[in-house]
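Side chains are part of it too, since the values below use all heavy atoms of this structure and drop only hydrogens, waters and symmetry mates. Protein chains get the first letters and strands the later ones, always in sequence-line order, with residue 1 at the start of each.
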2 protein chains.
Amino acid sequence: MVAKSFTRKEQIISSAQQMFRKKGFGASSMRELAKEVGVEPSSLYSHFKSKDEILKIICFHIADEFFEALDPIQNSVSSPTEKLKRVVTEHTNVIMKNLDAATVFFLEWKHLKEPALFEFKAMRNRYEDGFRQIVQEGITLCEFKNMDIDFTVRLIFSVLNGVHEWYRKSGTVSPDEVGDKLSHFILEGLSVE
Amino acid sequence: MVAKSFTRKEQIISSAQQMFRKKGFGASSMRELAKEVGVEPSSLYSHFKSKDEILKIICFHIADEFFEALDPIQNSVSSPTEKLKRVVTEHTNVIMKNLDAATVFFLEWKHLKEPALFEFKAMRNRYEDGFRQIVQEGITLCEFKNMDIDFTVRLIFSVLNGVHEWYRKSGTVSPDEVGDKLSHFILEGLSVE
DNA sequence: CCTACCGATCGGTAGG
DNA sequence: CCTACCGATCGGTAGG
């Protein structure tokens, strides 16, 4: 087994993900980030133009991962129920595999500066559209209850995106189980029968 | 109808709630807050000892509201299903009636300084215990599926606490409807049958 | 990747 | 509630 070697740039991003998650973007400083990495503060600027650029890279990397998970499912021929199960599992896997970055994605995106902020919102909207399509299809085929689609998708995302708040890698539940349980809750709820 | 008059202290807290929500605690400055209120920055310190104290007041005020909603339900004699419906409605009402403050509560509590931070976590845990009791009771009485209690409560809170992210006072859904729909989703899920 | 440094802004205090 | 001000820290740049 060959040990993976990290470039300095990757080291900085990795440390930034941890720090932005733990302290928030606004309360994180380039000086402290530099100390964490083991270089002088000004050296960070030979890898990144600004603090904002680091946030941008983190957020858009996670966005890419979400789309890579969604795309093949959208283009598949399964039933809406099957599609939903798969996309729930894949989406939560992205979160669980990138806990630091995903948490930054969910909590710190609003600090993105303006060209990036607009682009971010547009991407997020496109992603949510994928979920809306699946829900719409499920309603049309009478697999899902006839609820308001926007509302339904918001509830689904509440459940999915809450994962970053409670999931710990050391926990007793395996990542595979988490996806199954979330799907089951979303589809069947809490009540018996 | 008599117009409600606000003390300066209340004005400051109200502005702080909006600002902390919009920009985050770390990116909000006392200078900007003072400008918003219409006083000199140093004048804020005759009402509050520190920026941290303002955050503390906001977070613990909302915590009080949540407990005031939970207590009478916990001590009532309804079925677990009824209790859950009521607590879901009350909890989401607290969020919807205090959108700015509730958002700060959910997103910025981690910036509380240490004696307050510890106290905050303890309160939150007590509150979650109330939910755990209801779920436990529901499982015992065979009204709820026999799922892991901690996991179930986390999913419930994911749905409830997601409300602050999408609810807008200008929306088409009335606050009363929101509670009903959330309860229904939590209890019955998305699937038909 | 470092040394040296910039102007701006921060939370907060003294004293009235 | 204001004037005046503190030391600390911020993101970032010049130049090598």
Side-chain angles (χ1 to χ4, degrees), chain A residues 5-60 101 104 107-117 120, chain B residues 5-60 101 104 107-117 120:
Chain A
S5 83
F6 292 96
T7 65
R8 172 79 1 133
K9 192 165 183 170
E10 287 168 334
Q11 281 175 46
I12 295 170
I13 289 176
S14 171
S15 292
Q17 286 169 348
Q18 287 178 52
M19 186 173 297
F20 292 174
R21 177 187 181 187
K22 191 178 164 200
K23 317 183 61 158
F25 179 72
S28 300
S29 78
M30 294 296 268
R31 279 163 172 80
E32 194 183 348
L33 178 57
K35 189 178 285 179
E36 195 75 32
V37 176
V39 297
E40 293 301 314
S42 62
S43 301
L44 298 175
Y45 292 90
S46 57
H47 297 284
F48 308 95
K49 282 188 323 201
S50 65
K51 188 184 169 190
D52 302 296
E53 195 196 9
I54 300 178
L55 178 62
K56 198 172 102 182
I57 290 171
I58 295 171
C59 290
F60 282 77
V104 172
L107 301 184
E108 311 298 333
W109 64 268
K110 65 181 167 182
H111 293 110
L112 288 167
K113 293 296 172 286
E114 203 27 274
L117 182 60
F120 182 88
Chain B
S5 81
F6 294 95
T7 65
R8 173 86 350 140
K9 191 163 181 171
E10 287 168 335
Q11 282 176 45
I12 295 169
I13 289 176
S14 171
S15 291
Q17 286 169 350
Q18 288 177 52
M19 186 174 297
F20 293 175
R21 177 188 182 185
K22 192 178 164 201
K23 316 182 61 159
F25 178 73
S28 301
S29 77
M30 293 296 268
R31 279 163 173 77
E32 195 183 347
L33 178 57
K35 189 178 285 178
E36 194 75 30
V37 176
V39 296
E40 293 300 316
S42 63
S43 302
L44 298 176
Y45 291 91
S46 56
H47 297 285
F48 307 96
K49 283 189 322 202
S50 65
K51 188 184 170 191
D52 302 297
E53 196 197 9
I54 301 177
L55 178 63
K56 198 171 100 182
I57 289 170
I58 296 171
C59 290
F60 281 78
V104 173
L107 301 184
E108 310 298 333
W109 63 269
K110 66 181 167 185
H111 294 109
L112 288 167
K113 292 295 170 290
E114 205 23 278
L117 183 59
F120 181 90

I need the [atom1]-[atom2] distance between [X] and [N], as an integer number of Å.
X	N	atom1	atom2	answer
B:Leu44	C:dT13	CG	P	13 Å
A:Lys51	D:dT9	NZ	P	15 Å
A:Asp52	D:dC10	CG	C1'	13 Å
B:Met19	C:dG11	CE	P	11 Å
B:Ile12	D:dC1	CD1	C1'	10 Å
B:His47	C:dG12	NE2	P	16 Å

Indicate yes or no for a side-chain donor-acceptor contact from [X] to the backbone of [Y] under 3.5 Å, with no hydrogens or angles considered.
X	Y	result
A:Ser14	A:Glu10	no
B:His111	A:Lys23	yes
B:Ser46	B:Ser43	yes

Item to complete: Considering non-hydrogen atoms only, spot the tightest contact between A:Met30 and A:Ser50 and give its length.
Response: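 Shortest heavy-atom contact: CE-C, 4.4 Å.
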Worksheet item: OP1 or OP2 of C:dC1 less than 4.0 angstrom from a side-chain nitrogen or oxygen of A:Ser46, does that happen here?
Response: no
Worksheet item: Distance check: side-chain N/O of A:Ser50 vs OP1/OP2 of D:dG11, anything under 4.0 Å?
Response: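 The answer is no; no side-chain N or O of A:Ser50 sits under 4.0 Å from OP1 or OP2.
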Worksheet item: Watson-Crick or G-U wobble partner for D:dG15, using a 3.5 Å limit on both distances?
Response: C:dC2
Worksheet entry | Face-on cation placement of A:Lys9 at A:Phe48 ring, 6.0 Å and 45° thresholds |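 So A:Lys9 does make the cation-pi contact.
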Item to complete: Can you figure out which of C:dT13, D:dA14, D:dC1 approaches the side chain of A:Ser42 most closely?
Response: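 Taking heavy atoms from C-beta onward, the closest nucleotide is D:dA14.
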Worksheet item: What nucleotide among C:dC1, C:dG11, D:dG12 has an atom nearest to a side-chain atom of A:Tyr45?
Response: D:dG12
Worksheet item: Of all of residues 29-41 of chain B, which get a heavy atom below 4.0 angstrom from DNA chain C, listed by number?
Response: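 Here the set is B:Ser29, B:Met30, B:Arg31.
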Practice prompt. Find the distance between CZ (B:Arg31) and CD (B:Glu40) and round it off to the nearest 0.5 Å.
Written response: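 Reported to 0.5 Å precision, the distance equals 10.5 Å.
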Worksheet item: From B:His47 NE2 over to B:Ile13 CD1, what is the distance, rounded to the nearest 0.5 angstrom?
Response: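 Reported value, rounded in 0.5 Å steps: 10.5 Å.
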